[in-house]
K.L.:
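Quick one: structure below, then a few questions.
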Protein chains: 2
Amino acid sequence: MIKISVDAMGGDYGPEVTIAGAAVAQKYLPNISFLFYGTDEAVRPVLKNYPYLAAASRFYSTESYTRMDEKPSQALRNGRGKSSMWHAIEAVKNGEADTCISAGNTGALMAMSYFCLRMMAEAERPGIAGIWPTLRSESIVLDIGATIGASAGQLVDLAVMGAGMFRALYNVKKPTVGLLNVGVEEIKGLDEIKKAGTMLREVQLEGLEYKGFVEGSDIGKGTVDVVVTEGFSGNIALKTAEGTARQMAEILNTAMRSSIFSYFGYFLSRNAFRKIKSKMDLDKANGGVLLGLNGVVIKSHGSANANGFASAIRVGYEMVNNRLLEKISTDLRLFHAGKAAFFDDKNESVIDAEVI
Amino acid sequence: MIKISVDAMGGDYGPEVTIAGAAVAQKYLPNISFLFYGTDEAVRPVLKNYPYLAAASRFYSTESYTRMDEKPSQALRNGRGKSSMWHAIEAVKNGEADTCISAGNTGALMAMSYFCLRMMAEAERPGIAGIWPTLRSESIVLDIGATIGASAGQLVDLAVMGAGMFRALYNVKKPTVGLLNVGVEEIKGLDEIKKAGTMLREVQLEGLEYKGFVEGSDIGKGTVDVVVTEGFSGNIALKTAEGTARQMAEILNTAMRSSIFSYFGYFLSRNAFRKIKSKMDLDKANGGVLLGLNGVVIKSHGSANANGFASAIRVGYEMVNNRLLEKISTDLRLFHAGKAAFFDDKNESVIDAEVI
């Protein structure tokens, strides 16, 4: 049985979506049970509409919940030991749940998870991994915003964690990995990226195939399975891609309504448009994964609908089912042990407020 | 008369496109003349097909040209005093031309321009500004890849140069400016961006209106006229957006051909599709501008067609016509004089190999 703790209050719609999403996930994921955390008055009325789900889950009433606009430090101060988000994470720590899903405030989720679960012994800093729809299928991009900047060793850690996640989700033995860079050999100032490339090439890890540098345009192409970068440029890339996709959709929409011909054409082509929508669908690729902690925590988009939230649950489920944490910690240990010589051992202070 | 020096050999198609592009520009830009640089055998046969253009231009035969795959340092070594790219830039230095346009190798163009024209006294480092189609209209994004990393003062320099360029191109008195960041207040590690924000807020420059931080998703929305960032994340953002746009176009294309209905629908909607294409058209927004040098150098996309190359020419033309360099150097001088106290005066060594 895989036990999923759900911050039922998180996201733009709260229980309406999180409970409904759990009901969707329950239909297609075998051996799943849920622990819901939230306030009595918000969760109970919704949960009673899903008797089959209610039978396979427990509800824990919490004093409060973390608001979408709370700053990470605020959320931690206000929510520690009290909020639905905190309790959902703590369930993982206590072994009551195998993984935690929240559509709440990312910064707060990161801060609470970091504070409650702590780093794996083998990893130096946490990262957030995102699933990115590509022309080929889907890729994993990390870090999309947990921490700013990264040493070579931290980039390699991200590569190892991302590859572990790709193996767990897509059942591929040796995912391809690229380091995000600007496309030129003769460039100064990116010593850490170059050094990380050297490490990845020299070390020849079992669980990944290092393919060298990739550029921003390679992400959407799906040139590699796992794209590794530090949190600032990763976040810029993600947001810019989302912005461009929205921009194109809006232009398309306006253009299609610009004449009776195009509108009629749109009507005839509507299946094609549905296909496009499904290919670029954030719902299907929903679920940012907090990596590097002693527990699997999944961040769903705040605006996800029930299907989107179910996808985030699926991501957590697959991670647990495929024993992601064990795999990652073994890989990291192998890497660190074998190639200690490569490391500069900068023990930069780990985030807290650096959290997004 | 505005004199444009053209590296006729640059780009994927050479004179076929550069000469044809100049002929297009000549039709709609008054008082324009050209200086073409290239090898005899490549340029003469094309130029003689455009007698009206030939009459308004001079052709200077050069020994060699810079190849698309030469590294910046190589290109400089091989091309200095010899290649069409070098001579086109030198014409600006010698006052024979007002601006130089090349569709050649970006890294080589940057290195040669930097070496030949040198920095403006007021600017510390060069930047490349790109014109970005947005939902609102067009924005300028810089630096999209000249140098990696930037101090607060260098970010403000970019803001001033970008705003000057926006004023010159779009005839707006006080363009809005945003600093690209990841969207959270409570973040460590981006001290230079925060400091640049403080400077821009305190200094109250005449020629721009500082609007605060923007995120990747704001670029496509057109939230601000000028988006400022250092060259690494700027390049990642640009390439990621290009990749996403191409990805969506490809999915659309495939989907539209997936059934006879959708294909017929596509046929009916083809004007709408043309509109979309024109809105996202890189041709119309073609022309990266090298800023911070003692001369205006325009980089056209290597794959631009004649209309695209003509757009790049127009960008250079407008810059000269609106006395961009004077405006920028005045603004920079005002900024530096008035607020010297804000500056940390890190005189980091200026690029050469950092060039993309």
Side-chain angles (χ1 to χ4, degrees), chain A residues 71-73 107 134-135 145 148-149 180 182-190 215-221 231-233 235-248 250-252 255-256 258-259 261-262 264-269 271-273 275-276 279-280 351 353-356, chain B residues 71-73 107 134-135 145 148-149 180 182-190 215-221 231-233 235-248 250-252 255-256 258-259 261-262 264-269 271-273 275-276 279-280 351 353-356:
Chain A
K71 291 185 185 173
S73 54
T134 71
L135 279 176
I148 304 299
L180 191 62
V182 290
V184 173
E185 310 98 281
E186 234 176 320
I187 209 157
K188 254 194 230 159
L190 296 165
E215 294 192 63
S217 51
D218 288 305
I219 310 178
K221 274 188 213 157
F232 187 81
S233 47
N235 190 268
I236 298 287
L238 176 72
K239 296 277 177 68
T240 305
E242 286 176 353
T244 307
R246 220 173 300 130
Q247 183 185 356
M248 286 193 72
E250 194 158 319
I251 293 170
L252 188 64
M256 283 307 180
S258 64
S259 84
F261 288 109
S262 64
F264 188 55
Y266 173 75
F267 183 75
L268 282 172
S269 312
N271 276 321
F273 281 101
K275 255 180 231 165
I276 298 161
K279 280 256 190 187
M280 296 297 285
I351 60 123
E354 245 178 55
V355 144
I356 291 183
Chain B
K71 291 184 184 172
S73 54
T134 70
L135 280 175
I148 305 299
L180 191 63
V182 289
V184 173
E185 309 98 279
E186 234 176 319
I187 208 157
K188 255 194 228 160
L190 296 164
E215 292 192 65
S217 51
D218 288 304
I219 311 178
K221 274 187 213 156
F232 187 81
S233 48
N235 191 268
I236 298 289
L238 177 72
K239 295 278 177 65
T240 305
E242 286 177 353
T244 307
R246 221 174 299 130
Q247 183 185 358
M248 287 192 72
E250 194 158 320
I251 293 170
L252 187 65
M256 283 307 179
S258 63
S259 84
F261 289 110
S262 65
F264 188 56
Y266 172 76
F267 184 75
L268 282 172
S269 314
N271 275 320
F273 281 101
K275 254 181 229 164
I276 299 160
K279 281 255 192 187
M280 295 297 285
I351 60 123
E354 245 178 55
V355 144
I356 292 183

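When reading the values below, keep in mind they use all heavy atoms of this one structure, side chains included, and skip hydrogens, waters and symmetry mates. Reminder, nothing fancy here: chain letters follow the sequence lines and each chain counts from 1.
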K.L.:
To the nearest 0.5 Å, what is the distance between CG on B:Leu135 and CE on A:Met248?
P.N.:
11.0 Å
K.L.:
Which residues pass the side chain to side chain donor-acceptor pair (under 3.5 Å) test with B:Ser233, not counting sequence neighbours?
P.N.:
B:Thr229, B:Glu230
K.L.:
What distance do A:Lys239 atom NZ and B:Leu180 atom CG have between them, rounded to the nearest 0.5 Å?
P.N.:
10.0 Å
K.L.:
For B:Ile148 and A:Val182, what are the C-alpha separation, side-chain angles and deciding distance, and is it a side chain to side chain contact (heavy atoms under 4.5 Å, CB included)?
P.N.:
CA-CA 9 Å; B:Ile148 305 299; A:Val182 290; 4.1 Å; yes
K.L.:
For the candidates A:Gly243, A:Gly220, A:Ser217, which exhibits the highest count of non-hydrogen atom pairs separated by less than 4.5 Å from chain B?
P.N.:
A:Ser217
K.L.:
Between B:Ala237 and A:Ile236, what is the shortest heavy-atom contact and its length?
P.N.:
CB-CG2, 3.8 Å
K.L.:
Counting only heavy atoms closer than 4.5 Å, note whether A:Ile219 contacts chain B via side chain, backbone, both or neither.
P.N.:
side chain
K.L.:
If you round to the nearest 0.5 Å, how far is CD of A:Gln247 from OG1 of B:Thr244?
P.N.:
10.5 Å
